[in-house]
Amino acid sequence: MEVDYGTYVFKVISYYFWYLCDLYVGFPLVIQICVLIIMLSICVGIYLLCQTIYLYIIKHKERKIMDRFVELYRDPMIEIGNDDVVHEPDEIAEVLEYDRRKPMSLREKRLLVQMIVDTKTEITDTRTDAGETINRTNFHNIIVAFGLQSFFESELQFSRTKYKVRALTWVRFLEENVPGAVITPLLYARNNDLRKAAQATFMWNSVVEPFRFFDNGDYDKYYRDWDKIDIHSILVNRRKWGLPIPNVAHWVKDSKNEKLKPLFASEIRYLNKTNECDELFDTFIRTSNIELKCEIACTLGKMHHVADEENLVDAYKVQVEQVKMAIINAIVDMGTGRQVHFLERCYDEAGDYSVKFAAALALYNYGDEGMQVFNRKQANAGTKYEWIFNHINDPIINRRFAV
C-alpha cells in the first residue's frame, strides 16, 4: 500500500498547528500578547536578516564590477581627460579596449557612469590645483564611446524615481545634453525631488526660458537649502559656457520665498552684474528680511556701487545691529574716503560691542584719515574698550594669552 507523503506531512503540520492554536487560546491575555509580539519580532528579524544578506550579496557583486571597471578604464580615462589633444570616440573605444558588440547590463552601465563621475572628480580636483581645466570634449567622447547617451535617455524615461534623480545629477556633472522631449515630462513630475532635479538640469544649459521656474510659486514652496548650491552652480556654469543669464535683481525683489532672495542678492556680486545694482537699494528699504538687507549691503560694497553710499549712511540709524555692521563693512569696501566722520559717529554711538568693534576696525582700514581717528579713539578708550584696539592691532592676541 503506497503512502501519500504529501498528505501525511500536511496532516502532521495541521495537527500541530491546531494544537498550538488551542494551547495559545488557553493562555491568559497578557501571555497571548507577549507570544504575539515575540512571533512578530521573529518574523521581522528573519525578514531583515534576509534583506541584509540580499543587500550584502548585491553590494559584493557591484563592488567586484566596480573594481573591474577601475582596473580596466580608470587610468586610461585619466590620461585621456588630461590630454589636450582631442580623441574621437572610436579611438577612445580602441584605447579602452571596449567591445561595443558586447552590450553591458543596466547595472553595469550605472556602475560605469558612477566610475566615470568619480574619475572626472579626481581629474577636476587635480587640474584645478594646477590652475588648468580638463578636456571637456574628450570626456564627452568617452560617454559616446560607451554609448551612454542612449542609456541616460532610457534611464530618465523608464527607470524608478531614485534612478531618474541620480541620472539627472550625473548629466549635469558630466555636462551632457538631454533631448527636450525626454526631460520636459519630468519638469512637472509629482515627486518633489525629481521635479527639482529636472528643473535644475533644464536650467543648466537650456536657452529657451530656462529660468521660468523661479517665477513659479511651486519652486518657492518647495525650496530647500540645497537649492542654494544648485542655483549657484547653474549660474556659474552658464557664465562659463557663455549662455545667457537673466536679470537676477528681479528675483531679489519679487521672489515669493524670503529664503531665496538673499541668495540672488549674493549672486549679483559673484556674477559681477554691475548693471543690476541700481535696483537693490529700493529692496533694501522695503524689506524686513535681515539676511537680505545684509546681503544687499555686502553686494553694494563689494561692487563699489558708490551711488548708494549716502543712501546706506542715511539708512544706518534705524537698522538692527547685524545690518549696521553690514553697512559699515560696505562703506569700507567702497573705499571712497568720504565717510570718516560717519564711521567715527558709528563708533561713538554704538551701544553694542560688535558694532563698536566693526566701526573701530573700519576706521583702521579706511586710509590715513581713518587711521588717525582710530589712534585718537585708542588713546581715549580707557580700560573698558581697550581690548577692541588691542585685538585690532594684534589679531592673534587671544591665542597668545591662551598660551
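Quick caveat, the model's predicted, so the values are computed rather than measured. By convention here, the first residue in the shown sequence is residue 1. Values reported hereafter were calculated over all heavy atoms of this structure, with side chains retained and with hydrogens, waters and symmetry mates removed.
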Pairing donors with acceptors under 3.5 angstrom, does anything connect the side chains of [X] and [Y]?
X	Y	answer
Glu309	Thr336	yes
Glu310	Gln339	yes
Asn247	Glu279	yes
Gln114	Asp118	yes

Are there over 12 heavy-atom neighbours, none belonging to [X], within less than 6.0 Å of that residue's [atom1]?
X	atom1	result
Gln51	CD	yes
Met371	CE	yes
Asp368	CG	no
Glu94	CD	no

Flag the pair Lys102 and Glu108 as a salt bridge only when some basic side-chain nitrogen lies within less than 4.0 angstrom of an acidic carboxylate oxygen. no
Charged N to carboxylate O under 4.0 angstrom, Glu258 versus Lys261? yes
Cation-pi, Phe389 ring and Lys377 (6.0 angstrom, 45 degrees): no
Kindly confirm or rule out a cation-pi arrangement of Lys109 over Phe151, judged by NZ or CZ under 6.0 Å from the six-membered ring centre and within 45° of its axis? no
Got [X] and [Y] here, is their nearest side-chain heavy-atom distance under 4.5 Å?
X	Y	result
Glu321	Ser354	no
Asp193	Thr161	no
Glu62	Met66	no
Phe146	Leu96	yes
Lys120	Glu175	yes
Phe357	Tyr385	no
Asn141	Ile80	no
Ile123	Met77	no

[atom1] of [X] to [atom2] of [Y]: how many Å apart, nearest 0.5 Å?
X	Y	atom1	atom2	answer
Ile331	Tyr316	CD1	OH	10.5 Å
Leu148	His140	CG	NE2	11.0 Å
Phe139	Asn135	CZ	CG	9.5 Å
Ile234	Thr201	CD1	OG1	7.5 Å
Gln157	Phe152	CD	CZ	14.0 Å
Lys356	Asp348	NZ	CG	6.5 Å

Tyr163: side-chain contact (heavy atoms from CB on, under 4.5 Å) partners, not counting sequence neighbours: Arg110, Glu155, Ser159, Arg160, Arg166
Looking at residues at least two apart in the chain, or sitting in another chain, which of them share a side-chain contact (heavy atoms from CB on, under 4.5 Å) with Gln319? Phe284, Lys293, Ala315, Val323, Lys324, Ile327
Treating [X] as the side-chain partner and [Y] as the backbone partner, does any N or O pair qualify as donor plus acceptor under 3.5 Å?
X	Y	answer
Asp75	Glu71	no
Asp308	Phe281	no
Thr299	Ala265	yes
Tyr73	Met115	no
Asn365	Leu361	yes
Arg195	Ala189	yes
Arg269	Lys302	no
Asp83	Glu79	no
Asn138	Val85	yes
Glu276	Ala249	yes

His305 pairs by side-chain hydrogen bond (donor to acceptor under 3.5 Å, both in side chains) with which of Asp278, Thr274, Asp333? Asp278
Restricting to non-hydrogen atoms, name the atom on Met104 and the atom on Tyr98 that form the minimum distance, rounded to 0.1 Å. CE-CE1, 3.6 Å
